[in-house]
Amino acid sequence: VIDENVPYICEYEPFVDKAALLALNAFAGTFYSEEKNSEKHVKLVDEYLKRLHSTLDFDRMGFALGLGELPKVMFVSRLDSVIKELVDLSSISGDREVDVRLAEARRNAIIGLGKVCSSVGLQSPRPCLSREQVQTVFSALLCSLEDYARDERADVGA
């Protein structure tokens with residue numbers, strides 16, 4: 001049921017969104033933290049990653065934030081994929097029409113990426129961020145600072 005509501009986590013109801021993310025964090029931390037690298041973890045993370053490619057804007061926005069709420073143990077075998085997919089979603093495509101439409105998804109990808117990195121950390125035990133992953137993340141963060149997409153609201157602040 002929680003996963004069905006992740007796409008509806010967006011900026012329009014910030015108090016509800018924050019509560020939903022806290023609930024996802026609490027649930028995932030309790031329900032998934034016992035086992036390490038289980039099939040359940042891989043399946044859930046893969047489903048979240050798949051939804052980052054959805055044609056629905058709310059899916060991309062919600063699941064980018066949702067990935068950031070999952071506990072460290074969920075990323076044991078999928079950390080490279082999680083970082084790659086969030087970095088890809090945070091990137092500007094060059095197509096102005098697409099960039100404006102995806103601005104909030106890019107912002108949420110950066111927020112999710114930051115939370116994943118904070119959760120995983122730089123020190124063992126595994127998973128922890130490698131030197132290459134840290135470079136990839138910092139590069140994405142620096143690129144995101146140049147994102148000045150504009151829509152009918154003006155600069156969307158992605």
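All figures in this text were calculated on a predicted structure; none of them were measured in a lab.
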Excluding sequence neighbours, so at least two apart, what forms side chain to side chain donor-acceptor pair (under 3.5 Å) with Ser54? Asp59

Those residues that, when tested against Lys115, pass salt bridge (charged side-chain N to carboxylate O under 4.0 Å, His left out) (two or more places apart): Glu69

Residue list, salt bridge (charged side-chain N to carboxylate O under 4.0 Å, His left out) with Asp88, at least two apart or on another chain: Lys84

Inter-residue atom distance [X].[atom1] - [Y].[atom2], 0.5 Å rounding:
{"X": "Leu86", "Y": "Phe63", "atom1": "CG", "atom2": "CZ", "value": "13.0 Å"}
{"X": "Ile110", "Y": "Leu145", "atom1": "CD1", "atom2": "CG", "value": "8.5 Å"}
{"X": "Ile83", "Y": "Gln133", "atom1": "CD1", "atom2": "CD", "value": "4.0 Å"}
{"X": "Cys128", "Y": "Leu79", "atom1": "SG", "atom2": "CG", "value": "8.5 Å"}
{"X": "Asn108", "Y": "Leu113", "atom1": "CG", "atom2": "CG", "value": "12.0 Å"}
{"X": "Ser81", "Y": "Leu52", "atom1": "OG", "atom2": "CG", "value": "11.0 Å"}

If we only count heavy atoms from C-beta on, is the [X] to [Y] side-chain gap below 4.5 Å?
{"X": "Arg107", "Y": "Ile111", "value": "yes"}
{"X": "Leu44", "Y": "Leu70", "value": "yes"}
{"X": "Phe31", "Y": "Lys40", "value": "yes"}

Can a donor-acceptor pair be found, under 3.5 Å and without considering hydrogens, that links the side chain of Ser144 to the backbone of Leu141? yes

Taking Gly114's backbone N and O only, do any of them form a donor-acceptor pair with Ser118's side chain (distance below 3.5 Å, no angle check)? no

Could you pull out all residues at least two apart from [X] that satisfy side chain to side chain contact (heavy atoms under 4.5 Å, CB included)?
{"X": "Leu22", "result": "Lys18"}
{"X": "Asp46", "result": "Val42, Leu49, Arg78"}
{"X": "Gln135", "result": "Arg131"}

Scan for salt bridge (charged side-chain N to carboxylate O under 4.0 Å, His left out) pairs involving residues 116-125, sequence neighbours excluded, and state none if there are none. none

Show every salt bridge (charged side-chain N to carboxylate O under 4.0 Å, His left out) that has at least one partner inside residues 19-29, sequence neighbours left out. none

Indicate yes or no: does Glu47 engage Lys43 in a salt bridge with an N to O separation below 4.0 Å. no

